[in-house]
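All residue numbers in this chain count up from 1 along the given sequence.
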Amino acid sequence: MVHPMGTIAKGFWLKHGHAELLRQAGYHVMVFDLNGFGDSTSTTMDYPLDVLAAGHLLQAEFPELPIAVLGASMGASMSVCAMSHATHPFKAAVIEAAFPTLLHFWSRYPIPKLGIQFSKLLYPKGERSLRPSLAAQNLVGSPEMLLIYGDDDIYTPIKDGKLLFNELQKKTATQFWQVKNAKHTLAYSAQPEQYATKVVSFLDDHLASKTNHSFTQHNAF
């Protein structure tokens, strides 16, 4: 579970109930802080590598089980970027409120917008590594995707979600769910019953096909 930007970091999943939802559904759950957030020290902006590291750690802990990633906002976007790396372990992904590019998200903020524009000139490789729409074109392994966007989201509006959806569906089976009355990253809060049914059913369907094992124990890490 890859958190959105904010000081609460991995606590987002605990505060809003996502982690417990998946535990109750029988899943092992890993929450962690991206570097520079929560209890994690700041190193670089290579957030997709954080996602990969967490995925590899979980894979090592449960080598017999298929692994999915669930991300929100920045965490969702960096998860898409991580899945363009050849070594990623993810068989399915639930991606909520992901932006197609950094500029799409930060365009309403003059100073960050200027910084991103400079980064495209000064460090184009770094900016490209954090561009989900480009990562979608280079997706590895065709993990099934569920994209979630709220129709009250002003930060990653439906039209931005459709841009990413159009790229992803060229590479893998991708679903798009527009959630009524949902603000940014708050689809579960807006429609808890629908969210639980949609997300758990998606994971059950697409992870069950990747293993012959049946497990009911659930743990959090």
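L168 places none of its side-chain heavy atoms less than 4.5 Å from the side chain of F176. Using a 4.5 Å heavy-atom cutoff, the side chains of T87 and H56 are in contact. A 4.5 Å side-chain heavy-atom check between F37 and Y47 finds at least one atom pair inside the cut-off. You'll find the side chain of V69 reaches within 4.5 Å of the side chain of M83, heavy atoms only. F32 places none of its side-chain heavy atoms less than 4.5 Å from the side chain of L57. The shortest distance between side-chain heavy atoms of F90 and V140 does not fall below 4.5 Å. Annotation: side chain of L163 is not in contact with side chain of S133 (no heavy-atom distance under 4.5 Å). Contact check for L49 versus H85: side-chain heavy atoms found under the 4.5 Å cut-off.
Side-chain N or O atoms of T156 include none that pairs as donor or acceptor with a backbone N or O of F99 at under 3.5 Å. Between the D33 side chain and the K10 main chain, a donor and an acceptor come within less than 3.5 Å of each other. A donor-acceptor pair under 3.5 Å links the side-chain atoms of D151 to the main chain of N181, judged by distance alone. With hydrogens and angles disregarded, no donor-acceptor distance shorter than 3.5 Å links the side chain of S40 to the backbone of G38. The closest donor-acceptor contact from the side chain of N138 to the backbone of S84 lies at 3.5 Å or more, if one exists at all.
In this structure, F12 and H16 have tilted ring planes: the angle between them lies in the 30° to 60° band.
Residue P100 comes nearest to P132 through the heavy atom pair O-CD, 3.2 Å, listed as atom of the first residue, atom of the second, then distance. When all heavy atoms of H18 and M1 are compared, the closest pair comes out as CB-CE, 3.6 Å. Across every non-hydrogen atom of P4 and T185, the tightest pair is CB-CG2, 4.2 Å. Here the closest non-hydrogen pair linking V94 and F202 is CG2-CD2, 3.8 Å.
Taking CG of L58 as the reference point, atom CD1 of I67 lies at 4.5 Å (rounded to 0.5 Å). A distance of 4.5 Å separates CE in M145 from CG in L139, rounded to the nearest 0.5 Å. Between atom CG of residue L34 and atom CE of residue M74 there is a gap of 4.5 Å, rounded to the nearest 0.5 Å. For the atom pair CG (D153) and NE2 (H184), the distance works out to 5.5 Å, reported to the nearest 0.5 Å.
At a threshold of 4.5 Å between side-chain heavy atoms, the hydrophobic network of Ile, Leu, Val, Met, Phe, Trp and Tyr places L146 and Y188 in one connected group.
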